[in-house]
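Both ligands and their constituent atoms are indexed starting at 1 by order of listing.
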Amino acid sequence: MSETTIITEIKGRTGIITLNRPKALNALNGQLITEMNAALDRFDADSNIGCIILTGSEKAFAAGADITEMKDKTFTEVTQEDFLWDWDHITAIRKPIIAAVAGYALGGGCEFALACDFIIAAENAKFALPEVTLGIIPGGGGTQRMARAIGKAKAMEMILTGRMMDVAEAERLGLVARVVPLEKLMDEALATAEKIAALSQPVIASAKRAVNAAFETPLAEGLAFERKSIHALFALDDQKEGMAAFVEKRKPVFRNR
Ligand code: DAK
């Protein structure tokens, strides 16, 4: 393997993964996906970490899957090796993942941002699913997650034209949770991550699972899942502590159990 394609660091209780292929605008090659997945697993297993941030550079979150790596692949190769089979691993991570997006989030880069739990975007962020211009369609979840995120009309228009969406439109449509000045992107993402990480980890994991169930199940099933989840949380010390602290007018001390 050549030099590492990501940088990882821990700040407070937040694990930060920075995509680091600047010369290729963080194009997502096999090595990067492998290294990113391993870092996600490490952070997910680390009880000192309560939230993860995935970010890129000021110019590009990621400009998509690496076109040079896939351009000559044959149908037989992509099907037999199940090309990019490990692309979806990010959705198996239990801890919250914030995408801190500056610059281009295109194709697979946009799909990775969509696969995170929410996006905080810098004012220069640009989103697109330009795969049709390359003779393919989005393959990392874009047709499904974009349609759910911004609705059919806008998703169709984006995916059928491949056009770029600026951050103002992305915020208006609910694609991103918040827009911040570029120079404040990491500070804002980190402050948000630390706020989440300070809460009870099993409660946060339960909340993440419940919201995700909204996209996987019919409403009645999702509501039943939510009901079971909140009932289960009454088994936690952290529920007793959170409510006792409110009544006693003090800050809760969560012990993640
Ligand atoms: N792949 C490889 N290299 C890329 C790249 C990419 N996606 N994007 C940029 N680069 C490289 C450029 O080739 C260039 O390299 P050099 O020529 O310097 O060696 C360098 O990054 C700088 O790019 P530019 O010179 O083009 O920079 P500009 O500022 O002029 O333009 C740009 C920036 C982002 C508008 C432009 O680079 C661009 O349009 N890039 C391609 C964007 C794109 O089409 N992305 C979608 C790729 S397809 C799957 C899951 C997912 C996918 C597929 C399958 N499965 C689970 C099966 C995903 C597919 C895709 O993402």
Self-check item: Closest non-hydrogen atom pair, Lys240 against Phe234
Solution: NZ-O, 3.0 Å

Quiz item: Would Glu169 and Arg163 pass as an ion pair if we require N to O under 4.0 Å?
Solution: yes

Quiz item: For ligand 1, what are the residues with a heavy-atom contact below 4.0 Å?
Solution: Lys23, Ala24, Leu25, Ala27, Lys59, Ala63, Gly64, Ala65, Asp66, Ile67, Met70, Phe83, Leu84, Trp87, Tyr104, Leu106, Gly107, Gly108, Glu111, Pro130, Glu131, Leu134, Gly139, Gly140

Quiz item: Can you check whether Ile16 reaches Thr14 side chain to side chain, under 4.5 Å on heavy atoms?
Solution: yes

Quiz item: Can you tell me if Thr5 and Glu35 form a side-chain donor-acceptor pair at under 3.5 Å?
Solution: yes

Quiz item: Is the closest side-chain donor-acceptor distance between Asp66 and Thr68 under 3.5 Å?
Solution: yes

Quiz prompt | Nearest atoms (heavy-atom pairs only) where Leu106 meets Lys126 | solution = CD2-O, 4.0 Å

